[in-house]
Amino acid sequence: MLALDFIRRHPDEVRRAAQLKGEEAPVDEILELDRRWRECLEVAEKARAQQNELSKRFAKTKDTEDLRKAKEVGEEAKRELARAAEMKQKLDDLLLRVPNLFHESVPIGESEADNVVLREWGSRPDFAFEPRTHYELGEALGIMDFERAARVAGSRFAFLTGAGARLERALVQFMLNLHTGEHGYTEVYPPILVNSASMIGTAQLPKFGDDAFRVQDRDLWLIPTAEVPVTNMHRQEILDGARLPLNYVAYTPCFRSEAGAAGKDTRGYIRMHQFSKVELVRLVEPEKSLEALDELTSQAEEVLRRLGLHYQLMVMCTGDMGFAQYKKYDLNVWCPGLGRYLEVSSCSLFNDFQARRASLRYRPAPGEAPRFLHTLNGSGLALTRTLDAVLETYQRADGGIEVPEVLRPYFGGSEILHSS
RNA sequence: GGGGAGGUGGCUGAGUGGUCGAAAGCGCCCGCCUGCUAAGCGGGUAGGGGGUGUUGAGCUCCCUCGAGGGUUCGAAUCCCUCCCUUCCCGCCA
């Protein structure tokens, strides 16, 4: 969330950012409620101060008149403090609904169409035959099964079997080894269920609860991304500045209800209720966060490069970047069979937006005051679509799949993937 | 799931109704001392919010001893609920 103090001083800036993001920001309500809350708080705290004073005096004097007054003032203080607390709670709830600002380098725009391609890597491969889609290939090879998954779980689920499951595992291993071995990340295996406070911390709640699955009768949510447990890992801590930056990589399943996604072009292994993802999360000093975002993004790109997959890097425009993001890149991988790009990674900087919600702070140096961290994260990468791109890019005329060289160690060295 | 013990500042840990936002030790910071280092000596050292003020000095008030309620003029301390940790039993991968 944004600092209340900042909204007080720069309401127009907050309004403008919200508008360009296509979000609502209850700025006027906040300013009004903030004014009333502070008024009320002042009255309440003065009464409390008086009560404390009288109470202390009574301890010494045992004067019944002091006692009487203390009781009286105490009642008032209690009443007013309750009022103030009620206002503050409303205020806090409103604050959680104000979108983040965005960096000046973010292009202004309304939709996907206004995102800007920053660079491309590789090129669309040529085929001497009509390339097939990953789901055609996957079903023909017997490594992807949507029908049985529908019976077992429902639509938007899939089984990977045999070489398909192994390919996913190979990709996970490859990504984790790259990020831990060469990019300096610490591997984390986090909880897959988290409480509401964590969901608020990374800004899935209160606004986007419908996008996630919740466990019945318990305050637990299936994580929509490892960003949630990993970013919240240091919630309410004051970290030693000397330990920064913290770089974590986590492989987890992710769960999304995909409410409202029906009807979009999502045939295949693309938009699942459950999917695997290797996620990069960084907690860094504010001054270094923009640089850290570019670095994190290039680390995600490195996965695609080593896999030899053609992709483009986009910077998201204001209208498409999201509620909490300060700046966001998408990596879109080319799928020759589908004939379009699929998003395999979103790399976002949140500035202190999440850090304020989750109270993630650090002490720059001993004796100095705590400051909020900056948080960022990005997929490195989403498994489903990376797997799709591998199948579609490395398909052969005979329906087999050439195993990308970097994955061969995880396939016992085999070069071709045939039907199971 | 049943029973016991417990959750206090960066850490260890004392504190069972006011003199406690909190002893002591460790750590850390500043200074002194000694060729250097270590040791020693002195001082400082929780977080959040409001007001005023400065622009990131200060002054002042309020809140916070796992969380939320309650009793009381007054709660770290007493009562209730919940969460978490740990031990024993049960169950289990």
Side-chain angles (χ1 to χ4, degrees), chain A residues 1-10 30-96 189-201 205 214-215 217-221 229 232-244 246 253 283 285-287 351-352 354-373:
Chain A
M1 62 186 175
L2 300 176
L4 179 53
D5 185 52
F6 182 87
I7 300 175
R8 264 178 219 149
R9 282 201 278 226
H10 310 281
I30 286 171
L31 292 176
E32 169 64 12
L33 194 54
D34 173 48
R35 197 182 53 73
R36 285 174 47 211
W37 165 64
R38 285 188 291 167
E39 251 173 44
C40 183
L41 189 65
E42 206 175 323
V43 173
E45 289 190 348
K46 277 191 178 141
R48 179 65 89 196
Q50 207 183 339
Q51 186 205 359
N52 287 342
E53 184 55 43
L54 284 165
S55 182
K56 258 183 226 162
R57 205 197 307 168
F58 172 75
K60 286 183 199 145
T61 62
K62 300 290 175 194
D63 182 342
T64 54
E65 180 60 12
D66 285 341
L67 180 63
R68 194 191 60 75
K69 270 202 249 166
K71 279 190 191 183
E72 193 182 303
V73 179
E75 283 304 311
E76 188 198 344
K78 197 172 180 178
R79 202 171 52 238
E80 292 300 315
L81 281 171
R83 260 188 74 205
E86 202 181 311
M87 285 186 224
K88 186 59 164 50
Q89 203 183 341
K90 271 187 206 157
L91 188 55
D92 287 341
D93 182 63
L94 288 174
L95 284 173
L96 291 178
Y189 179 72
I192 307 302
L193 292 165
V194 296
N195 57 30
S196 296
S198 295
M199 291 285 276
I200 289 170
L205 292 178
R214 185 174 186 173
V215 177
D217 299 326
R218 312 238 358 207
D219 181 29
L220 287 173
W221 301 75
N232 277 282
M233 195 163 122
H234 297 288
R235 181 144 46 86
Q236 288 172 324
E237 289 185 35
I238 299 174
L239 298 162
D240 179 356
R243 283 181 62 198
L244 298 179
L246 295 181
L283 306 183
E285 293 160 84
E287 289 73 18
N351 270 12
D352 59 3
Q354 292 181 326
R356 286 179 183 279
R357 292 174 162 248
S359 190
L360 295 167
R361 293 175 295 170
Y362 75 105
R363 201 181 295 284
E368 287 185 32
R371 300 178 68 197
F372 286 107
L373 291 157

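In the text below, chain A, chain B and the rest are named by the order of the sequence lines, each starting its count at 1.
- Considering only the side chain of A:Pro366, B:C29 comes nearest among B:G50, B:C29, B:G48.
- Between B:G27 and B:A38, the two P atoms lie 12 Å apart (nearest whole Å).
- Atom CG of A:Asp219 is separated from atom P of B:A67 by 17 Å (rounded to the nearest Å).
- Taking atom C1' on both nucleotides, B:A46 is separated from B:A22 by 11 Å, rounded to a whole Å.
- Residue-level contact check: A:Arg8 touches the backbone only, with heavy atoms under 4.0 Å from sugar-phosphate atoms and none from bases.
- Ion pairing of A:Arg35 with A:Glu32 is present here, as a side-chain N (NZ or NE/NH1/NH2) and a carboxylate O approach within less than 4.0 Å.
- Proximity of a side-chain donor or acceptor of A:Arg363 to a complementary backbone N or O of A:Glu368 within less than 3.5 Å is detected.
- Pair check for B:A5 finds B:U85; Watson-Crick or G-U wobble, both atom distances under 3.5 Å.
- Counting non-hydrogen atoms of neighbouring residues, nucleotides and ligands closer than 6.0 angstrom, the CD atom of A:Glu86 reaches no more than 12 such neighbours.
- For B:A22, there is no paired base (Watson-Crick or G-U wobble, both distances below 3.5 Å).
- The local environment of CZ in A:Arg214 is crowded, with over 12 non-hydrogen atoms from other residues, nucleotides or ligands closer than 6.0 Å.
- Using a distance-only test at 3.5 Å, with no hydrogens or angles considered, a donor-acceptor pair links the side chain of A:Asp219 to the main chain of A:Ser196.
- To the nearest angstrom, P of B:G66 lies 18 Å from CZ of A:Arg235.
- Annotation: B:C36 and B:G47 have their P atoms spaced 34 Å apart (nearest Å).
- Summarising the geometry, the separation between CD on A:Glu76 and C1' on B:C62 is reported as 15 Å, rounded to the nearest angstrom.
- Between B:G47 and A:Arg361, no contact under 4.0 Å exists linking OP1 or OP2 to a side-chain N or O.
- If you measure from atom CZ of A:Arg9 to atom P of B:U54, you get 13 Å, rounded to the nearest angstrom.
- The distance from atom CD1 of A:Ile238 to atom P of B:U45 is 16 Å, rounded to the nearest whole Å.
- Looking at A:Asn232, its side chain never comes within 3.5 Å of a backbone N or O of A:Arg235 through a donor-acceptor pair.
- Geometrically, A:Lys56 does not engage A:Phe58 in a cation-pi contact, judged by NZ or CZ lying under 6.0 Å from the ring centre and within 45° of the ring axis.
- Here B:U55 sits opposite no nucleotide as a Watson-Crick or G-U wobble pair (both hydrogen-bonding atom distances under 3.5 Å).
- In this structure, CD of A:Glu368 is placed 15 Å from P of B:A46, rounded to the nearest angstrom.
- Crowding of A:Gln89 atom CD: a count of heavy atoms from other residues, nucleotides or ligands under 6.0 Å not exceeding 12.
- Residue whose closest nucleotide on RNA chain B sits further toward the 5' end, between A:Lys56 and A:Gly74: A:Lys56.
- For the P atoms, the distance from B:U16 to B:G7 is 13 Å, rounded to whole Å.
- Here the rule is side-chain contact (heavy atoms from CB on, under 4.5 Å) with A:Leu54, and of A:Glu72, A:Glu65, A:Lys69, A:Lys71 only A:Lys69 fits it.
- On the C1' atoms, B:A24 is 13 Å away from B:G9, given to the nearest whole Å.
- Of all nucleotides listed (B:A46, B:U71, B:G50), B:A46 comes nearest to the side chain of A:Arg363.
- Using P as the reference atom, B:C30 and B:C82 are 49 Å apart when rounded to the nearest Å.
- B:G13 and B:U19: their P atoms are spaced 25 Å apart (whole Å).
- Contacts between residues 41-55 of chain A and RNA chain B, defined by a heavy-atom separation below 4.0 Å, involve A:Leu41, A:Glu45, A:Arg48, A:Ala49, A:Gln51, A:Asn52, A:Ser55, listed by number.
- Whole-Å rounding puts the A:Tyr362 OH to B:C28 P distance at 21 Å.
- Side-chain N or O atoms of A:Arg357 include one that pairs as donor or acceptor with a backbone N or O of A:Ile200 at under 3.5 Å.
- Between A:Asp92 atom CG and B:G49 atom P the separation is 11 Å, expressed in whole Å.
- Comparing the P positions of B:U8 and B:C78 gives a spacing of 16 Å, expressed to the nearest Å.
- Using a 4.0 Å cut-off on heavy atoms, the residues of residues 57-72 of chain A that approach RNA chain B are A:Phe58, A:Ala59, A:Lys62, A:Leu67, A:Ala70, A:Lys71, listed by number.
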